Amino acid sequence: MKFSKVLCLLLAGLTIEGFSQTKIEAQDGIHYITTNIDYPITGTYLFKGAEPVVELNATGTGFYQRHEQPKKAITWGIECDESGKPIFKKGFDNAAYTLWYLYTNPETEDEKYWKVTSFTIHFNSLKMFIQGERSKSYTE
């Protein structure tokens with residue numbers, strides 16, 4: 001009896017931790033984001049091995065750098081459904097996600113709003129791309 005209660009509590013805890021999400025309000029409506037998609041997405045994404053970079057931290061914070069601009073602090077997440085399950089399109093050897101980010105200290109009116117860009121994982125090359133141009137390698 002005690003074993004089944006412990007097992008149920010353990011499974012409930014794993015389920016809650018496995019899919020956590022944050023509700024955001026973008027210009028086009030409500031979306032949900034998560035930082036957990038079961039791939040090692042955190043890290044630094046480089047443009048041809050150098051700047052400009054995008055840095056994603058496990059806490060949902062990081063930096064986004066535009067071409068010939070300084071790095072700016074962001075909050076980020078991958079689009080998911082209300083339950084926290086990531087939304088993606090599976091291709092032959094890749095998966096395409098939507099990355100949302102918001103500048104932490106906006107300097108212009110445009111920077112006050114959530115931005116969206118592409119995030120792809122390419123399974124054969126073991127690379128991840130943000131905006132199709134900034135990449136990092138990963139291991140399975």
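No experiment lies behind these values; they were computed from the predicted model shown.
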*Which residues pass the salt bridge (charged side-chain N to carboxylate O under 4.0 Å, His left out) test with Asp110, sequence neighbours left out?*
Lys115
*What distance do Leu56 atom CG and Tyr45 atom OH have between them, rounded to the nearest 0.5 Å?*
5.5 Å
*same_hphob_cluster(Val53, Phe47) at 4.5 Å side-chain heavy-atom cutoff*: no
*asked:* Let me confirm one number: the CD1-CD1 distance from Ile87 to Ile37, rounded to the nearest 0.5 Å.
replied: 12.0 Å
*Using the side chain to side chain contact (heavy atoms under 4.5 Å, CB included) rule, take Ile74 and Thr61 through it: C-alpha gap first, then chi angles, then the decisive distance, then the call.*
CA-CA 6 Å; Ile74 60 166; Thr61 61; over 6 Å; no
*Got Leu126 and Glu140 here, is their nearest side-chain heavy-atom distance under 4.5 Å?*
yes
*asked:* Return the NZ to OH distance between Lys127 and Tyr138, rounded to the nearest 0.5 Å.
replied: 11.5 Å
*Which residue pairs pass the salt bridge (charged side-chain N to carboxylate O under 4.0 Å, His left out) test when at least one of the two sits in residues 92-109, sequence neighbours left out?*
Lys72-Glu107, Glu109-Lys112
*Quick one: list whatever passes salt bridge (charged side-chain N to carboxylate O under 4.0 Å, His left out) with Glu55, sequence neighbours left out.*
Lys71
*Are Phe63 and Thr44 close enough that some pair of their side-chain heavy atoms sits under 4.5 Å apart?*
no
*asked:* Taking side chain to side chain donor-acceptor pair (under 3.5 Å) as the definition, give me every residue that meets it alongside Thr42, ordered by chain and number, with sequence neighbours left out.
replied: none
*Is Ile78 close to Phe119 at the side-chain level, that is, under 4.5 Å between some pair of heavy atoms?*
yes
*Hey, any chance Phe129 and Val54 share a hydrophobic cluster, counting ILVMFWY side chains that come within less than 4.5 Å of each other, even indirectly?*
no
*asked:* Minimum heavy-atom separation for Gly132 and Ser118, please, with both atom names.
replied: N-OG, 3.9 Å
*Give the other cluster members for Val116, using side-chain heavy-atom distances under 4.5 Å between Ile, Leu, Val, Met, Phe, Trp and Tyr residues; answer none if it is isolated.*
Ile24, Ile33, Trp100, Leu102, Trp114
*Begin with the C-alpha distance, continue with both residues' side-chain angles, and end with the deciding distance and a verdict on side chain to side chain contact (heavy atoms under 4.5 Å, CB included) for Asn124 and His122.*
CA-CA 6 Å; Asn124 289 339; His122 298 262; over 6 Å; no
*Out of curiosity, Thr34 OG1 to Trp76 CH2, how far, rounded to the nearest 0.5 Å?*
8.0 Å
*Atom of His31, atom of Ala26 and distance for their closest heavy-atom approach*: CD2-CB, 3.8 Å
*What are the two closest non-hydrogen atoms of Arg134 and Pro52, and how far apart are they?*
NH2-CG, 3.6 Å
*Tell me, yes or no, whether the heavy-atom count around Lys23 atom NZ, taken from other residues, nucleotides or ligands under 6.0 Å, exceeds 12.*
no
*In Å and rounded to the nearest 0.5 Å, what is the CD to CG distance from Gln21 to Asp81?*
8.0 Å
*Supply the atom-to-atom distance Phe123 CZ to Met128 CE, rounded to the nearest 0.5 angstrom.*
8.5 Å
*Dump the intermediate steps for side chain to side chain contact (heavy atoms under 4.5 Å, CB included) on Leu99 and Ile130, then the final yes or no.*
CA-CA 8 Å; Leu99 173 71; Ile130 294 176; 4.0 Å; yes
*Are side-chain N/O atoms of His67 and Glu133 paired as donor and acceptor at under 3.5 Å?*
yes
_Going by the rule ring pair (Phe, Tyr, Trp, His ring centres under 6.0 Å), which residues pair with Tyr101 if we only count those two or more places apart in sequence or in a different chain?_
Tyr64, Tyr103
